[in-house]
S.K.: 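Quick one: structure below, then a few questions.
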Amino acid sequence: MLRRLCRVCHQLRVSTMVVLQLLVPLLVSCVVASAGPPRHLPPCQVVQMDVLCSDRSLRSAPVDLPPGVHLLDLSRNQVQNLSRETLAYHTGFYHLNLHANKIHFIQPGLFKDMTELKVLDLSKNHLNVFALSKTSIGRLTAVESLDLSGNGLYTDMSDYFLDDSPSLANLSLNSNSITKIAQNTFSGSLSLEKISLHNNVILEIEDGAFDSLRHLTDLDLSKNSITCITDFNLYNLKALNLSMNSVEHFHSASSDHLFNLLKLDLSENKMLYFPFLPRTNMLQYLDISRNHIQSVNVSGSPEKTANVFLTQLQYLDMSFNRLKSIPESFFCFMRSLEVLNISNNCIGSFSITAEGLLPTVKIINLSFNSLQSLTFGENTLQSLETLFLQGNDITTLNYHVFQKLPSIKYLQLQQNNLKICDSEPNLYKPEPTDQNQLDPPDCVSLSSVRSLHFLYLSENNLQYLPANAFANTPLRLLDLSLNPGLDMDKDSLCGLEHSLVHLLLRENNISSLHTDLSLLQSLKHVDLSTNQLTSLPVWNKESSIESLNLQHNNLVTLESSTMVALEHSLKTLYMGSNPLNCCSNLDFLNMVQRSAVVVPDIETVTCVHEDFSEPVNIEKLTEGMCQASGKTMYIVVGVLALIVVMIAVALLVQQSQSRKRKRIIRFRA
Ligand SMILES: *[C@@H]1O[C@H](CO)[C@@H](O)[C@H](O)[C@H]1NC(C)=O
Ligand SMILES: *[C@@H]1O[C@H](CO)[C@@H](O)[C@H](O)[C@H]1NC(C)=O
Ligand SMILES: *[C@@H]1O[C@H](CO)[C@@H](O)[C@H](O)[C@H]1NC(C)=O
Ligand SMILES: *[C@@H]1O[C@H](CO)[C@@H](O)[C@H](O)[C@H]1NC(C)=O
Ligand SMILES: *[C@@H]1O[C@H](CO)[C@@H](O)[C@H](O)[C@H]1NC(C)=O
Ligand SMILES: *[C@@H]1O[C@H](CO)[C@@H](O)[C@H](O)[C@H]1NC(C)=O
Ligand SMILES: *[C@@H]1O[C@H](CO)[C@@H](O)[C@H](O)[C@H]1NC(C)=O
């Protein structure tokens, strides 16, 4: 910041005398700044009963603190010794923020008389130095929230801060170097509700360390070195975060006691099996992504496979594991599941066929597996709205698989190898009873998927898009990008006239579009970038298109009739990297110059002009530059006209002479 200020000064110095008056004070501030501290710092800000002194190089609170201060923010200062004196002998604080100072000493008993102090932030100081003195800070009479994160505390050092904190409910010990939670660590703070121990190096939790904390609901042990949880029995806990440890087994105590746990995060560990969870549980959220799970069998006890009672579970993330399959029975009791993420596994086949299974699931993420088959029964997955099947290399699917999903709205099928069927309404029967009569087609039908709005089919090596491919499917977005060589039937988008808003046809190597986009009356956003288009698609009616991307094509001339059709709705046009001809696109130039449309990539929009060896940026082009060459044209045309006239005259003269001759001949006759 200071350096930038000096550079400004430097620039000003070279400018004219007029700004000299401005220059002088700026120069002075540069000189002062480069001389280093003392910086001139504004006094603390006082807002009602809050005194805000953050980042002012203070070693203590200002002596003239108003009486009755509610909050004192002394964060990011230079306080080293926290004593009554440093706090200007005030004791009535409610909230004291001492984050990021250099505190290495706290006067013992300092907080004993602060009967109003509820929030104390001592994070990012040097309290490990204080702890080495083996003195306790004394009673934290009223403190409810204490932040001791980032203080280099290790082993039992937290004891000196917690041994007499009867009101403490919320404690953060994040980012310290604690290796062990001893049985008595929290014995002086029995009101704790929430403990954060994120980012330590905890290897060991002594038996019963949390047992006496009857109010504990929230425990964050993420980013530690815990390898195993056995006999988990914190019945009152609501949220447990064990993400980013080295947990290999998670085993709850076998008991019929009700567990209140709602959220369990076991992501980024080393589990080989599904965790063993208590039978009577209320779990709503379970994240076991990024482990080494190979089957949904429960930890070390294959006979318990079928007994995963997760009736309240709403969110299950098992992505980034090594699952090869998931038996349908695994989902039997999941009556509340809404989100299921099993992406990035090795699942080859997925089927949900039993009636009524997973009735509340809204999202299934099966992307990046190796799916060969996907089967949905009738009356299953009634609520499924979003299905991600990206990156599976699927070549064949049961051709009417998507028609079985009554609520499907959003379908990601990119990075597969699908073929799209013709719409043949007669072919589709709810359940083919005479299966052997009909060879199942090796394509998938996307017509009559009555609720589907968003469809992604990019990178499928699609060769051909048949007529009426999406008939009776009310698509709003269709992405057909990155299917080079895609041949679209001229009627392939029939049926989408009133629904389609977004059409993406990027990188398809299309040289001309046979489909009449002007029939798509709701179309607003079209991406035709990176193709081989030599002419614009025809818009013969007034279009509704608001943004159009034509970057990286072979467009030389933009037909004026099309530009006129587009102009009334078009707001944004990408046009860069096309071999435009300068003087044949004056309508476009006009449109840009009148700012009728925004051309965000205008810097890359160039055109070819015979008078210049390099392409000219469209912004630098003037109509004059084209009139000049127009004049030479006029001369050429004029000369040509003159020659034509002369020839005509010569011919006339010749003819009249010959006629005269003829007449003469007739006279003779
Ligand atoms: C901190 O300040 C107190 C009181 O001002 C003083 O008695 C004590 O020696 C100081 N301690 C350190 C370590 O500077
Ligand atoms: C608990 O303390 C942390 C860290 O100081 C704070 O971010 C959080 O808001 C507090 N939570 C409650 C419930 O007081
Ligand atoms: C668990 O902790 C990790 C790491 O701090 C965090 O990213 C994640 O959101 C937490 N999980 C939950 C469920 O809050
Ligand atoms: C899972 O359990 C089933 C049935 O009990 C068993 O056949 C299968 O081998 C188990 N899989 C693994 C990986 O342990
Ligand atoms: C799993 O998928 C869900 C839904 O698509 C998503 O919200 C979640 O972030 C994904 N999990 C990971 C680890 O990316
Ligand atoms: C599906 O889950 C993966 C993690 O496995 C995540 O990266 C991706 O974003 C999810 N897809 C969507 C569209 O949410
Ligand atoms: C793109 O089309 C041209 C002909 O228009 C063809 O020569 C070329 O091979 C095609 N490229 C791809 C990747 O299909």
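Whatever order the structure lists ligands and atoms in, that order sets their numbers, starting from 1.
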S.K.: Can you sort out which atoms of ligand 3 are near Met244, meaning under 4.0 Å from one of its heavy atoms?
M.R.: 4 (C)

S.K.: Would one find an N or O of Ser243, backbone or side chain, under 3.5 Å from an N or O of ligand 3?
M.R.: no

S.K.: Quick one: CG on Leu120 to OG on Ser165, what's the gap to the nearest 0.5 Å?
M.R.: 11.0 Å

S.K.: Any N/O of Asn509 closer than 3.5 Å to an N/O of ligand 7?
M.R.: yes

S.K.: What about Lys263: any of its N or O atoms under 3.5 Å from an N or O on ligand 3?
M.R.: no

S.K.: Below 6.0 angstrom between ring centroids: does that apply to Phe274 and Phe330?
M.R.: yes

S.K.: With a 3.5 Å cut-off and no angle check, do the side chains of Thr395 and Asn417 form a donor-acceptor pair?
M.R.: no

S.K.: What do we get for Lys223 next to ligand 3 when only non-hydrogen atoms under 4.0 Å count, side chain, backbone, both or neither?
M.R.: neither

S.K.: Please assess Tyr456 against Tyr410 for the test ring pair (Phe, Tyr, Trp, His ring centres under 6.0 Å), listing each intermediate value before the final yes or no.
M.R.: CA-CA 8 Å; Tyr456 295 82; Tyr410 191 105; 5.5 Å; yes

S.K.: Name the one of Ser222, Ser267, Ser289 that satisfies side-chain hydrogen bond (donor to acceptor under 3.5 Å, both in side chains) with Ser243?
M.R.: Ser267

S.K.: Show which side-chain atoms of residues 478-490 pair as donor or acceptor with protein atoms under 3.5 Å away, not counting sequence neighbours.
M.R.:
residue	atom	partner	partner atom	Å
Asp479	OD1	Ser481	N	3.0
Asp479	OD1	Ser481	OG	2.8
Ser481	OG	Arg506	N	3.2
Asn483	OD1	Asn460	N	2.8
Asn483	OD1	Asn461	N	3.0
Asn483	OD1	Leu462	N	3.0
Asn483	ND2	Leu457	O	3.1
Asn483	ND2	Leu480	O	2.9
Asn483	ND2	Ser481	O	3.2
Asp489	OD1	Asp491	N	2.7
Asp489	OD2	Tyr464	OH	3.0

S.K.: Between Lys270 and Ser246, is a side chain to side chain contact (heavy atoms under 4.5 Å, CB included) present by the stated rule, with each step listed?
M.R.: CA-CA 5 Å; Lys270 295 182 176 160; Ser246 307; 4.1 Å; yes

S.K.: Which ligand 3 atoms are under 4.0 Å away from a heavy-atom of His198?
M.R.: 4 (C), 5 (O)

S.K.: Applying side chain to side chain contact (heavy atoms under 4.5 Å, CB included) to Phe350 and Asn369, what does each step give before you reach the verdict?
M.R.: CA-CA 10 Å; Phe350 185 79; Asn369 277 285; over 6 Å; no

S.K.: One line per pair, note the atom names and distance for all nitrogen or oxygen contacts under 3.5 Å between ligand 5 and the protein.
M.R.:
residue	atom	partner	partner atom	Å
ligand 5	2 (O)	Asn341	ND2	2.2
ligand 5	2 (O)	Asn365	ND2	3.2
ligand 5	5 (O)	Asn365	ND2	3.3
ligand 5	11 (N)	Asp317	OD2	2.7
ligand 5	11 (N)	Asn341	ND2	2.9

S.K.: Step through it carefully: locate the ring centre of Phe250, locate the ring centre of Phe276, and say whether they are under 6.0 Å apart.
M.R.: no

